[in-house]
Amino acid sequence: FLIKDVMEKKREHEKSASIFSLSVSDKDISQFYALLPYPPTSSQKDAIQNIAKDLAQPHPMQRLLQGEVGSGKTTVAAFLLWIAAKNNKKAILVCPTNILASQHFETLKKVFSSQLSAFSIGIYTGKEKSVDCDILVGTHALFTIKKFKPVIVIIDEEHRFGVSQRESFFQGKKKPHFLSMTATPIPRTVALTALADRDVSFILPHKSNSNIKTWVVGSSKRPGAYAWIQKTMKQTGQQTIVVCPFIEESVIETLVSVKSAKQEFERLKKVFSDFKLALLHGKIADKDKIFANMMSGKTDMLVTTPVVEVGVDIPKANVIVIEGAERFGLAQLHQLRGRVGRRGQDAYCLLFTSHESLATGRLTYFAKTYDGNALAEYDLKHRGSGELLGTMQHGFDTFQFASWSDIQLIETCKKELERR
């Protein structure tokens, strides 16, 4: 109840704060739908209607948009960015990687191609820095901008950012409207949503990702797994992605068994000598050429780091190998698994681990669970919510609350809080 009281005071303070006003009419919504290359789904329409209602409230919007990989969250984000631009206000979309930022930038330019005479879209990363625009898409570099004052702040793949980073846009007297998007919310987000500090919209997927089979592979089964991958690529002509936790081999003795992308690339070139391999990581400059070769089928296997976790769509990729899977969070694993089988074909996710004891717990649960919300609840129960009033994103707090994993009780309490 102490947390609840603090949350109530926080929301009351936000209600009295000076906010940016945005007007949204049914006509605006219809005009936005006309810009889309495809009709929106019913859940996308519901999320957009909820956002329109949020913007009419006397306090800043705080909404979580949750949807599986490929469910169409970007369409909802585009609506919010468009509304800001129509009202002659600034808006930003923050992405965890250059790849995803570039993808969103190109997508938005296409959607708003008929509107670019009325407003402008720019990109802001470590290399490209446009500021004089209405809609700004970028990476962590956006956190360093001082003069750009957005009315709308959207953070994609929220779990990839720290609490202090996400809060950096809310330090001024006027509070911007905030939308976070994710396929698997981190435990802290689940708890904050449960405590009515955030509203939530769910985007239903266009299709189930149950076409992706997931297996935990121990050290003894590695040779057999390689042989199976070779056979699969030869028979189907499809591609494989291998993800390693690090770019280079760790100098820390305790991490000597953890695979690095550079080291694994050299080793796998010998194992898969009949195939064409490519290496990709954050320090490589010519990423576009590497992706172009994957898209055209010139490359059979991509050895990479978690840089491909988001924003990567390779239609012919049907196998993903995750090295040191025990080192990744469930949200990361869920995103990585979503890189394959994206056209509905049979696909496979192999979780390679040198710690077989972990296979009976978290990884085994992940291997049989494809619901991002269920994975988030499992993470909440086993990893803790972290500091709801601080910056820690994991760990168990000491408040005498029934149970963070008792979703039914939390939902009942949330409804009672909203009623009051």
Side-chain angles (χ1 to χ4, degrees), residues 14 19-20 22 47-48 50-51 54-55 60-69 71-85 89-105 107-108 121-126 135-145 148-172 174-193 197-203 306-307 309-311 329 331-332 334-335 372 376 386 388 391-393:
E14 288 178 344
I19 67 169
F20 298 97
L22 293 171
I48 287 172
N50 287 334
I51 287 172
D54 288 345
L55 297 179
M61 178 181 73
Q62 289 277 339
R63 183 167 290 274
L64 168 68
L65 182 62
Q66 184 179 342
E68 294 294 346
V69 176
S71 61
K73 298 186 292 294
T74 306
T75 298
V76 179
F79 168 75
L80 194 50
L81 297 171
W82 184 71
I83 286 297
K89 299 291 195 299
K90 305 288 187 181
I92 64 170
L93 171 57
V94 190
C95 309
T97 66
N98 288 343
I99 295 170
L100 185 57
S102 297
Q103 178 176 297
H104 281 328
F105 177 59
T107 298
L108 290 172
I121 304 175
I123 186 166
Y124 196 96
T125 65
I135 297 174
L136 198 54
V137 183
T139 60
H140 297 72
L142 286 169
F143 297 123
T144 64
I145 298 179
F148 196 89
K149 300 298 182 183
V151 171
I152 298 292
V153 174
I154 303 175
I155 295 186
D156 198 5
E157 307 302 342
E158 185 191 37
H159 64 279
R160 294 285 297 272
F161 297 92
V163 175
S164 297
Q165 287 179 320
R166 297 198 298 268
E167 295 295 329
S168 64
F169 294 108
F170 304 92
Q171 305 305 316
K174 284 192 175 183
K175 309 298 180 184
H177 299 280
F178 177 59
L179 178 72
S180 64
M181 304 192 297
T182 186
T184 312
I186 57 175
R188 186 178 187 274
T189 300
V190 177
L192 286 172
T193 303
D197 190 58
R198 266 187 212 180
D199 298 304
V200 61
S201 292
F202 294 95
I203 301 292
V307 69
E309 178 186 335
V310 291
Q332 273 190 302
H334 189 54
Q335 285 286 352
L388 301 183
T391 59
M392 289 292 292
Q393 300 193 108

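Quick note: numbers below take in every heavy atom, side chains included, and nothing from hydrogens, waters or symmetry partners.
Scanning both residues, Ile152 and Ala84, for their nearest heavy atoms gives CG1-CB, 3.7 Å. Across all non-hydrogen atoms, the minimal contact from Pro60 to Pro176 is CB-O, 3.6 Å. Considering all non-hydrogen atoms of both residues, Lys149 and Lys90 come closest at O-CB, 3.7 Å. Taking each heavy atom of Val94 and Thr139 in turn, the nearest pair found is CG1-O, 3.8 Å. For the residue pair Ile154 and Met181, the shortest heavy atom distance occurs at CG2-CE, 4.0 Å. Annotation for Val307 and Thr97: closest pair O-CG2, 4.1 Å, computed over non-hydrogen atoms.
Remark: Leu100 CG to Thr107 OG1 distance equals 9.0 Å, nearest 0.5 Å. Going from atom NZ of Lys73 over to atom OG of Ser180 covers 11.0 Å, rounded to the nearest 0.5 Å. If you take NE2 on His177 and CD1 on Ile83, they are separated by 11.5 Å, rounding to the nearest 0.5 Å. Here the straight-line distance linking atom OG1 of Thr182 with atom CD of Gln335 works out to 6.0 Å at 0.5 Å rounding. Here the CD1-CG distance, from Ile121 to Leu81, works out to 8.0 Å after rounding to the nearest 0.5 Å. Taking CZ of Arg63 as the start and CG of Leu179 as the end, the distance is 8.5 Å to the nearest 0.5 Å.
Side-chain contact check for Leu93 versus Ile135: every heavy-atom pair is 4.5 Å or farther apart. In this structure the side chain of Val76 reaches within 4.5 angstrom of the side chain of Ile203, judged on heavy atoms. At least one side-chain heavy atom of Ile155 sits less than 4.5 Å from a side-chain heavy atom of Phe178.
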Report the C-alpha separation of Ile145 and Leu136 in whole Å, then their side-chain angles, then the decisive distance to 0.1 Å, and conclude whether the side-chain contact (heavy atoms from CB on, under 4.5 Å) test is met.
CA-CA 11 Å; Ile145 298 179; Leu136 198 54; 3.8 Å; yes
Please evaluate residues Leu55 and Leu80 with respect to the criterion side-chain contact (heavy atoms from CB on, under 4.5 Å), reporting the C-alpha separation (whole Å), side-chain torsions for both, the decisive distance (0.1 Å), and the verdict.
CA-CA 10 Å; Leu55 297 179; Leu80 194 50; 4.0 Å; yes
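Ring geometry for His140 versus Phe143: interplanar angle over 60°, hence perpendicular rather than tilted (30 to 60°).
Although no hydrogens or angles enter the test, the distance criterion places no donor-acceptor pair under 3.5 Å between the side chain of Ser102 and the main chain of Ile99.
Tyr124 meets the ring-ring contact (aromatic ring centres under 6.0 Å, His included) test with no other residue; sequence neighbours excluded.
Looking at His104 and Asp156, their side chains do bring a donor and an acceptor atom within 3.5 Å of each other.
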